[in-house]
Amino acid sequence: MQTTKPTYTTLAEIYDAVMKDVDYDIWADFIDEVIQVHHPDPVTILELACGTASLSLSLEKLGCYDITATDKSEAMTQKAIEKARKQQASIALKQIDFLDISLDQSFDIIVSIFDSINYLQNREEILQMFNQVKKVMDANSLFIFDFTTPKNSIQAIDYLDNEEDTTENGYHFFRKSRYDANQQIHYNTFEINKLADDGATILESFTEEHRQRVYTFKQMQDIVDETDFRMVAAYNEFDLDKATNDSLRITMVLRCPDIQS
Ligand SMILES: C[S@@+](CC[C@H](N)C(=O)[O-])C[C@H]1O[C@@H](n2cnc3c(N)ncnc32)[C@H](O)[C@@H]1O
């Protein structure tokens, strides 16, 4: 029997295996480059939707940041805590929903990567998140986040759909991926089986349905224009080239200059 689970519960068990080809050190170098270009004296970083904290752990290795990493999912946060402990990293970890941030300090940098914002289903939710992020910013703070575009979803189906693997910690996963171009919704369904020691017998079976809304560059810019945030830059992929309407992943850099400290 398959048990349907909320997103990022069972997936937490295999998240790092699913992401094994993602080079977070390179991603951290890119984020560090963006930070150094746009902030005069960056020290504190708040990561939102950190997952298992791979980005924050890579940023910490750079040796110049004081990092707090957060995620809404209890299971992902727990994995992040275990990973940070194993690596003897000195990042703080907290379970926080980015739609309801209550922290009594501001940060120089607020960052969220790897499509996490695409879990916000519409303009209203993005505006809600921006309002929450504003609470932990000062006039120099940067809000850096990426999002994926319809073009990315159309291309990604080829390698995401029917992806399967067996992980070292005894799970098998199978992913179905489809894109609804009319609604701009990307669906990923994970079937995750916990295997017995023989590596074949299925002990338990879980399903997680992930629904992400993708946004064009213009749609995201229009949402930003409705807010007090100002777009400092928008980058294509993982270097300092400007984003265009053809970009697959766009990293936005925003500031909120009118915030009173
Ligand atoms: C694709 S994963 C990216 C994780 C991580 N940023 C990385 O690079 O591996 C999306 C993450 O967003 C988190 N997430 C989704 N909605 C969230 C919310 N409202 N508040 C905080 N985290 C959220 C999920 O729990 C998940 O860990």
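Only a predicted model underlies this, so the values are computations on that prediction, with no experimental measurement involved. Remember, it's 1-based here, ligands and their atoms both numbered in the order they're listed.
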* Asked: Starting from atom 13 (C) of ligand 1, which protein heavy atom do you reach first, and at what distance in Å?
  -> Asp71 OD2, 3.4 Å
* Asked: So does Asp161 pair up with Lys176, basic N to acidic O under 4.0 Å?
  -> yes
* Asked: Closer than 4.0 angstrom: is that true for some heavy atom of Leu48 and an atom of ligand 1?
  -> no
* Below 4.0 Å from any atom of ligand 1, is there a heavy atom belonging to Met19? -> no
* **Worked check of side chain to side chain contact (heavy atoms under 4.5 Å, CB included) between Arg213 and Leu120** => CA-CA 7 Å; Arg213 168 86 196 275; Leu120 298 172; over 6 Å; no
* To do: Step through the shown structure and confirm whether more than 12 heavy atoms of other residues, nucleotides or ligands are within 6.0 Å of CG on Asp241.
  => yes
* To do: Determine whether any heavy atom of Cys50 lies closer than 4.0 Å to an atom of ligand 1.
  => yes
* To do: Report yes or no: does Leu55 have a heavy atom closer than 4.0 Å to ligand 1?
  => no
* Asked: Looking at Arg123 and Glu226, does any basic side-chain N land under 4.0 Å from a carboxylate oxygen?
  -> yes
* State plainly whether the residues Lys79 and Asp16 are in salt-bridge range, i.e. N to O under 4.0 Å. => no
* Structure fact -> To the nearest 0.5 Å, atom CZ of Phe145 lies from atom CE of Met252 at 5.0 Å
* Assess the pair Phe107 and Tyr65: is the distance between their ring centroids shorter than 6.0 Å? => no
* Can you find an N/O atom of Asp97 closer than 3.5 Å to an N/O atom of ligand 1? -> yes
* Asked: Just distances here: any N/O of Ile113 and N/O of ligand 1 closer than 3.5 Å?
  -> yes
* Shortest non-hydrogen contact between Ser247 and Thr149, atoms and distance -> O-OG1, 2.8 Å
* Identified side-chain contact (heavy atoms from CB on, under 4.5 Å) partner of Thr7 from the options Glu209, Met76, His210 -> His210
* Using a 4.0 Å heavy-atom cut-off, say whether Lys72 meets ligand 1 through its side chain, its backbone, both or neither. => both
* Structure fact -> In ligand 1, the atoms that come under 4.0 Å of a heavy atom of Ser116 are 3 (C), 6 (N), 10 (C), 11 (C), 12 (O)
* In terms of residue, atom name and distance, what is the protein heavy atom nearest to atom 6 (N) of ligand 1? -> Ala49 O, 2.7 Å
* To do: Indicate, as side chain, backbone, both or neither, the part of Tyr24 found under 4.0 angstrom from ligand 1 when only non-hydrogen atoms are considered.
  => side chain
* Heavy-atom nearest neighbour in the protein, as seen from atom 20 (N) of ligand 1, with distance rounded to 0.1 Å -> Phe98 N, 2.8 Å
* Mind checking whether Tyr119 and Phe147 sit in one hydrophobic cluster, side chains of I, L, V, M, F, W, Y counted as touching below 4.5 Å? -> no
* Structure fact -> Note: Ile96, heavy atoms under 4.0 Å from ligand 1, region reported as backbone
* Asked: Where does Tyr8 meet ligand 1, judged by heavy-atom distances below 4.0 Å: at the side chain, the backbone, both, or neither?
  -> side chain
* Asked: Which residue supplies the protein heavy atom nearest to atom 4 (C) of ligand 1, what is that atom called, and how far is it?
  -> Tyr15 OH, 3.3 Å
